[in-house]
Amino acid sequence: QVQVVESGGGLVQAGESLRLSCAASGRTVRDYTMGWFRQTPGKEREVVAGISENGTTTTYADSVKGRFTISRDNAKNTISLQMNSLKPEDTAVYYCAASAQTLFSMVHALNPRFVSWGQGTQVTVSS
């Protein structure tokens, strides 16, 4: 099984940027669809961005399109989320996750299945 650990969160002002990283271990990340999710207190976890196993296909939540970019480096077993033009509403705990399903299923299935979740990293955007 693959294990994932996030890093890179922090406190920034609105309009600034952050780059989150997800380091995988235990098994090569190239076998998995990968995604970034976020959650705020009292709300369900939501998908932010997803990327296919080979990195050729990506998808984003409407709220982050044009501002966030997901990428992966399978040789280094890492997945990144570049977040630009951050807004206070982007404040959340961000999670990296690995799925054995397709990107479409990971994002759209009623009950998507995941093989690994990270512990999360806090992103706080002040106004």
Side-chain angles (χ1 to χ4, degrees):
Q1 284 284 29
V2 65
Q3 292 83 43
V4 295
V5 177
E6 307 94 338
S7 62
L11 171 63
V12 297
Q13 292 188 332
E16 294 184 339
S17 299
L18 272 178
R19 186 176 182 88
L20 304 183
S21 293
C22 175
S25 62
R27 184 169 174 172
T28 178
V29 72
R30 72 177 73 245
D31 293 335
Y32 300 100
T33 298
M34 300 298 297
W36 284 97
F37 299 76
R38 66 187 181 188
Q39 189 170 24
T40 54
K43 292 188 177 181
E44 290 189 359
R45 192 173 300 185
E46 63 174 354
V47 61
V48 175
I51 189 166
S52 60
E53 292 95 324
N54 60 9
T56 58
T57 305
T58 58
T59 188
Y60 298 91
D62 288 343
S63 59
V64 306
K65 280 181 182 176
R67 299 188 298 121
F68 290 13
T69 302
I70 187 172
S71 61
R72 66 192 298 161
D73 186 335
N74 287 341
K76 295 182 178 179
N77 249 16
T78 59
I79 298 87
S80 299
L81 184 68
Q82 178 66 41
M83 306 186 294
N84 298 330
S85 302
L86 282 161
K87 305 175 180 180
E89 50 264 43
D90 294 319
T91 295
V93 177
Y94 283 72
Y95 299 90
C96 175
S99 174
Q101 296 181 291
T102 64
L103 179 58
F104 182 88
S105 293
M106 186 187 76
V107 174
H108 298 292
L110 187 62
N111 292 300
R113 298 188 302 274
F114 297 91
V115 298
S116 183
W117 285 92
Q119 81 290 347
T121 185
Q122 177 70 46
V123 172
T124 303
V125 184
S126 63
S127 57

Does any non-hydrogen side-chain atom of [Y] lie less than 4.5 Å from one of [X]?
X: Val29; Y: Asn74; result: yes
X: Val123; Y: Leu20; result: yes
X: Gln122; Y: Thr91; result: yes
X: Ser71; Y: Gln82; result: no
X: Arg30; Y: Asn54; result: no
X: Phe104; Y: Thr57; result: no
X: Leu18; Y: Met83; result: yes
X: Trp36; Y: Glu6; result: yes

Find the distance between [atom1] ([X]) and [atom2] ([Y]) and round it off to the nearest 0.5 Å.
X: Arg72; Y: Thr56; atom1: CZ; atom2: OG1; answer: 9.5 Å
X: Glu53; Y: Ser99; atom1: CD; atom2: OG; answer: 8.5 Å
X: Thr69; Y: Asn84; atom1: OG1; atom2: CG; answer: 6.5 Å
X: Met106; Y: Ile51; atom1: CE; atom2: CD1; answer: 9.5 Å
X: Met34; Y: Cys22; atom1: CE; atom2: SG; answer: 4.5 Å

- Query: Any donor-acceptor pair under 3.5 Å linking the side chain of Thr33 with the backbone of Gln101?
  - Reply: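 Side chain of Thr33 to backbone of Gln101, a donor-acceptor pair under 3.5 Å: yes, one is there.
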- So, Arg67 side chain and Ser85 main chain: donor-acceptor pair closer than 3.5 Å or not?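 At least one qualifying donor-acceptor pair exists.
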So, for [X] and [Y], which heavy atoms are closest and what is the spacing to 0.1 Å?
X: Leu103; Y: Ser52; answer: CD2-N, 4.0 Å
X: Ser105; Y: Pro112; answer: O-CB, 3.9 Å
X: Ala49; Y: Leu81; answer: CB-CD1, 4.1 Å
X: Tyr95; Y: Gly118; answer: CD2-O, 3.6 Å

- Item | More than 12 heavy atoms from other groups under 6.0 Å of CD on Gln119 |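 Counting neighbours around CD of Gln119, more than 12 heavy atoms of other residues, nucleotides or ligands fall under 6.0 Å, so yes.
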- Message: Tell me which one of Val4, Ile79, Val2 satisfies side chain to side chain contact (heavy atoms under 4.5 Å, CB included) with Tyr32.
- Response: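 When side chain to side chain contact (heavy atoms under 4.5 Å, CB included) is applied between Tyr32 and each of Val4, Ile79, Val2, only Val2 qualifies.
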- Task: Using a strict 4.0 Å threshold on nitrogen-to-oxygen distance, state whether Asp62 and Lys65 make a salt bridge.
- Result: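 Looking at Lys65 together with Asp62, the answer is yes, because their closest N to O distance falls below 4.0 Å.
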- Message: Please determine whether a side-chain nitrogen of the Lys or Arg among Glu46 and Arg38 lies less than 4.0 Å from a carboxylate oxygen of the Asp or Glu.
- Response: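 Between Arg38 and Glu46 there is a salt bridge, with a charged N closer than 4.0 Å to a carboxylate O.
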- May I ask you to decide if the ring planes of Phe68 and Tyr94 are parallel, tilted or perpendicular, using 30° and 60° as cut-offs?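 Correct class here is tilted.
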- List the steps, then state whether side chain to side chain contact (heavy atoms under 4.5 Å, CB included) holds for Gln1 with Ser116. CA-CA 8 Å; Gln1 284 284 29; Ser116 183; over 6 Å; no
- Message: Between Glu16 and Leu86, does the side chain to side chain contact (heavy atoms under 4.5 Å, CB included) criterion hold? Intermediate values first, please.
- Response: CA-CA 6 Å; Glu16 294 184 339; Leu86 282 161; 5.5 Å; no
- So if you build clusters from Ile, Leu, Val, Met, Phe, Trp, Tyr with side-chain heavy-atom gaps below 4.5 Å, do Val107 and Val115 land together?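 Looking at the clustering, Val115 is in a separate group from Val107.
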- Item | Close aromatic pair by centroid cut-off 6.0 Å: Phe114 and Phe37 |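 Ring centres of Phe37 and Phe114 closer than 6.0 Å.
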